[in-house]
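Please read the structure below before turning to the comments.
Indexing begins at 1, ligand by ligand and atom by atom, following the structure's order.
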Amino acid sequence: MADGLPMQIAASALPARVRIHEVGPRDGLQNEKAVVPTEVKAEFIHRLAAAGLTTIEATSFVHPRWVPQLADAEALLPLLDDLDDLDDLALPVLVPNERGLDRALALGARRIAVFGSATETFSRKNLNRGVAESLAMFAPVIARAREQHVRVRGYLSMCFGDPWEGPVPVAQVVTVARQLIELGCDELSLGDTIGVATPGHVGALLSALTVEGVPVSAIGVHFHDTYGQALSNTLAALQHGVSTVDASAGGLGGCPYAKSATGNLATEDLVWMLHGLGIETGVDLDRLTATSVWMADRLGRPSPSRTVRALSHKE
Ligand code: MG
């Protein structure tokens, strides 16, 4: 079991390979209390790429007033220019509106993500507008990105439960998901923003999306481990044909001392399960773990990832 290698026994009907969409530098750091220096962020992203991650969400072009942790996007992206030489590497950035798109395109971003909500209340709290108005705001962003051959991911948050509205009906999520696809999103990321989903609910949503014509190849899943369900939910999604999974190195963004703690699934915990199932990820788990230990030192607190803790306390 040493050296980041679980015993491998495959299970039936699972994908041969999973693409991990690493969200640590964006979703993770955005939800950490500490503001990390730009040079540390750049080194973090280089280390993640060296550990074999091929999709690394780098930063956000949301107004710095709302996300001060990521206010340095303009300074950060030029520090990643050397990574352009890596053919397989994608560095998507979050873009809230046309102004954000202009800033991202000016820096040569080739992939963007927009951030929508399946519920009215969260949409109003997070975006200051309802679901329909937020989609109207995204429409020109997505259209202009596509004109420039920039790939667009659509985050859909609160797909299972909402802190104000409670359980979210599957049909409501399907409606917004279809609208994002119709606007031109290449991929959706279904978010369990408060971590309340359980595997049957995941299966029900994915089945409904398939019935309504949203191809499983266009779906990624974004689970939070708030109630300890993130890996169970991931396995349910894999059994439904999903092969894109979001995770945050070291469980960044799940800092127990931060008010906004929401418990992103740790990439190491995900990789341990996937490698145990014989599913390829391209990730070197030891290198990734070392990166998360390094970042935990920068943040001044241990990683909440079980796998990081297990692998970094082996002697
Ligand atoms: Mg998250």
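Its N, O or S atom nearest to the Mg ion (ligand 1) is what matters here, and for His222 that atom is NE2. Nearest N/O/S atom of His224 relative to the Mg ion (ligand 1): this is NE2. The minimum distance between the Mg ion (ligand 1) and any N, O or S atom of Asp27 involves atom OD2.
Aromatic ring pairs are classed by plane angle as parallel below 30°, tilted from 30° to 60° and perpendicular above 60°; the pair Phe223 and Phe160 is tilted.
Residues Val293 and Val283 are members of separate hydrophobic clusters, defined by side-chain heavy-atom contacts under 4.5 angstrom among Ile, Leu, Val, Met, Phe, Trp and Tyr.
At a cut-off of 2.8 Å, Asn31 is not counted among the residues with an N, O or S atom near the Mg ion (ligand 1). At a cut-off of 2.8 Å, Asp246 does not coordinate the Mg ion (ligand 1) through any N, O or S atom.
Judged purely by distance below 3.5 Å, without hydrogens or angles, the side chains of Ser248 and Glu22 never pair a donor atom with an acceptor atom.
Between Leu94 and Tyr155, some side-chain heavy-atom pair lies under the 4.5 Å cut-off.
By the neighbour-count criterion of 12 heavy atoms within 6.0 Å, atom CG of Asn128 is sparsely surrounded, having that number or fewer from other residues, nucleotides or ligands.
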